[in-house]
Asker: 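What follows is a structure written as structure tokens; I'll ask about it next.
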Protein chains: 2
Amino acid sequence: MATTLRIVEVDKLKTACSTCSLQELCLPAGLSAVELQSVDELIERRRPVKRGDYLFRSGAALHSLYAIRSGFIKSCVLHEDGREQVAGFHMMGDLMGLDAIGTNQHLCDAVALEDSEVCEIPLKDLEGLSRNIPSLQQHFHRIMSREIARDYGVMLLLGSMRAEERLAAFLLNLSQRFSARGYSATEFHLRMTREEIGSYLGLKLETVSRTLSHFQAQGLIAVQNKHLRILSLDNLRELVSQHSCRS
Amino acid sequence: MATTLRIVEVDKLKTACSTCSLQELCLPAGLSAVELQSVDELIERRRPVKRGDYLFRSGAALHSLYAIRSGFIKSCVLHEDGREQVAGFHMMGDLMGLDAIGTNQHLCDAVALEDSEVCEIPLKDLEGLSRNIPSLQQHFHRIMSREIARDYGVMLLLGSMRAEERLAAFLLNLSQRFSARGYSATEFHLRMTREEIGSYLGLKLETVSRTLSHFQAQGLIAVQNKHLRILSLDNLRELVSQHSCRS
DNA sequence: TTTAGAGTTTGACGCAGATCAAAACGGGGG
DNA sequence: CCCCCGTTTTGATCTGCGTCAAACTCTAAA
């Protein structure tokens, strides 16, 4: 009994935003110590999600938003006819479930690409607390807005870029996000399959594979399986901004 | 002098959400009469935007969100290299500027496709008021979330649909939105050019034109210039959900 | 009313990327 | 340790849509 209690306490400690290294990236960015404490109490529980498991499914009722504490999770939009497309790859510090607020129903599946851990944040509580903490409210709005901005970027990518540009943009985006989280900007593990990359970028897996090979041949990157090293960030950037065709 | 005052008053009256027919579609949906009155005071001013004029430009500082009272406005994301893509077509009741909250800078251009009128809503005031009116706060969140959901739909469209499916989905979307605003679901004016449709759908204007002609030949629609009549909503719907290829 | 220019339609042709196919690889479970 | 199956790579071929071009049609200004 005492042991159980202790475990729970350790869990709570681990969950606390106040001691979380992702503070500055995550929901409570920019809050005071006192405010942070209130946010701590928001977090209902920490929840592990095993590789391949669903964090939530399309159609399920919205209970909570989820802040990713560790791991890697993809979200997939589903077309009524069974077609499915990866809508995003999410990593630690990202907030998931924002698309569900409008209808109170999740519109996409969230699947862990590696063993992950998320903090569960009941939406009602978050809304309540943000009424009392203006900077929390503002930051929440900023997070939603940034998701919209991200989507606009993806729309631009899908609507007007050629395969090489899409892939280069994708790699640069991953690089930038890993870097923002304190990891290498030039060397990382791709947690998703070529097919998932393709789905996200509106390409077939063969095209993704071919284009990666092509990049490698040009000396832009070194890929081996899921391990990726960017050899020239600059050249990749050049690739993205040169619009060769599809004006 | 007296005349000027009177005009101002008439303007204010016309701007009031409490007497606006878009109440149920727009920001104040679901508020009580008293709460509505507070929202009325939010609206800084009503602003006319002439056809071809910019409501805001990419890069400009965010001051206000804009609720469209009448007219038709497109938003365009800009790629650094000058490439540009239509990110959305917005009509009365829609709220614009949501993408700018994250950075306090507009990320897209907003251009009126016909003479329009918008209500200017200072973001700070909206945030302040929504702290006191939970249902306003909730509805604002719902609106942002719905924008995210819409974007997911566009991503699905751009990433996995063929030209015919994209255009059919586009027409059905317009139909549904006109219908929700009390207009005909089957007969309306396209306020945008073929090129703008193409930009939104990730297609070239020639493809848009050809596909429309094709639809007409099949008896699905009747187009003449910008006037469009949908002859079979059902057949269009069928077209969207049958995934012929690009799995 | 005429005219200039923007927008639209239609045809011919080419190419980026999809599709089909098959071989090679790799990692997790027995 | 090996086997098996999912993943990846690479090649050959096909095709939907982009590109180029030219004619036609609105609209708005003169």
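The figures that follow rest on heavy atoms only: side chains count, while hydrogens, waters and symmetry mates do not. A, B, ... follow the sequence lines: proteins, then strands. Residue 1 opens every chain.
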Asker: Which part of the nucleic acid, if any, lies within reach of A:Leu205 when heavy atoms closer than 4.0 Å are counted: base, sugar-phosphate only, or nothing?
Answerer: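 If one applies the 4.0 Å heavy-atom cut-off, A:Leu205 turns out to touch a base.
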Asker: Grab the NZ-P distance between B:Lys204 and C:dA16 for me, whole Å please.
Answerer: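 Answer to the nearest Å: 15 Å.
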Asker: Side chain of A:Ser199, backbone of A:Glu195: donor and acceptor closer than 3.5 Å?
Answerer: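 Looks like no, no N/O pair under 3.5 Å.
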Asker: B:Met161 CE to C:dA18 P: how many Å, rounded?
Answerer: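 Taking CE of B:Met161 and P of C:dA18, I get 17 Å after rounding.
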Asker: Strictly below 4.0 Å: does A:Lys226 bring a side-chain N or O up to OP1 or OP2 of D:dT8?
Answerer: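 Looking at the OP1 and OP2 atoms of D:dT8, one of them is under 4.0 Å from a side-chain N or O of A:Lys226.
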Asker: Under 4.0 Å, heavy atoms only, any strand: does A:Ser209 hit a base, just the sugar-phosphate, or nothing?
Answerer: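 Base contact.
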Asker: Report yes if at least one side-chain N or O of A:Ser213 is closer than 4.0 Å to OP1 or OP2 of D:dT10; otherwise report no.
Answerer: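 For D:dT10, OP1/OP2 do have a side-chain N/O of A:Ser213 under 4.0 Å.
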Asker: Nearest whole angstrom, please: distance from the P of D:dT19 to the CZ of A:Arg162.
Answerer: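 After rounding, the reported distance stands at 9 Å.
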Asker: Assuming nearest nucleotide by heavy-atom distance, tell me which of B:Arg51 and B:Ala163 is located more 5' along DNA chain D.
Answerer: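 Going by which nucleotide is closer to the 5' end, it is B:Ala163.
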Asker: Using whole Å, what does the distance between atom C1' of nucleotide D:dT8 and atom CD of A:Glu206 come to?
Answerer: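 Rounded to the whole Å, the gap is 10 Å.
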Asker: Grab the CD-P distance between A:Gln224 and C:dC25 for me, whole Å please.
Answerer: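 Atom CD in A:Gln224 sits about 12 Å away from atom P in C:dC25.
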Asker: Between D:dG11 and A:Arg210, counting only base atoms on the nucleotide and side-chain atoms on the residue, is there a donor-acceptor pair under 3.5 Å?
Answerer: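 By the distance-only test, yes, there is a pair.
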Asker: Counting only side-chain heavy atoms from C-beta out, which of C:dG17, D:dG18, C:dT8 sits nearest to B:Thr207?
Answerer: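 In terms of side-chain proximity for B:Thr207, the closest of C:dG17, D:dG18, C:dT8 is D:dG18.
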Asker: Quick check: A:Tyr200 with A:Phe89 (ring centres under 6.0 Å apart)?
Answerer: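 Yes: the rings meet the under 6.0 Å criterion.
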Asker: To the nearest angstrom, how far is A:Leu190 atom CG from C:dG27 atom P?
Answerer: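 That distance rounds to 14 Å.
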Asker: Strictly distance-based, threshold 3.5 Å: is any side-chain N or O of B:Ser64 a donor or acceptor partner for the main-chain N or O of B:Glu120?
Answerer: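 No.
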Asker: In whole angstrom, give the distance that lies between atom CD of B:Glu114 and atom P of D:dT27.
Answerer: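 Taking CD of B:Glu114 and P of D:dT27, I get 15 Å after rounding.
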Asker: Examine C:dT9: is either OP1 or OP2 under 4.0 Å from a nitrogen or oxygen in the side chain of B:Asn225? Give yes or no.
Answerer: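 False: B:Asn225 side-chain N/O out of range (4.0 Å or more) of C:dT9 OP1/OP2.
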Asker: Round to the nearest Å and state the distance from A:His189 atom NE2 to C:dG27 atom P.
Answerer: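 Atom NE2 in A:His189 sits about 8 Å away from atom P in C:dG27.
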Asker: A:Phe72 vs A:Phe178 aromatic rings, parallel, tilted or perpendicular, using cut-offs 30° and 60°?
Answerer: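 Rings of A:Phe72 and A:Phe178: parallel, under 30°.
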Asker: Within a reach of under 6.0 Å around CZ of A:Arg229, are more than 12 heavy atoms found that belong to other residues, nucleotides or ligands?
Answerer: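 No.
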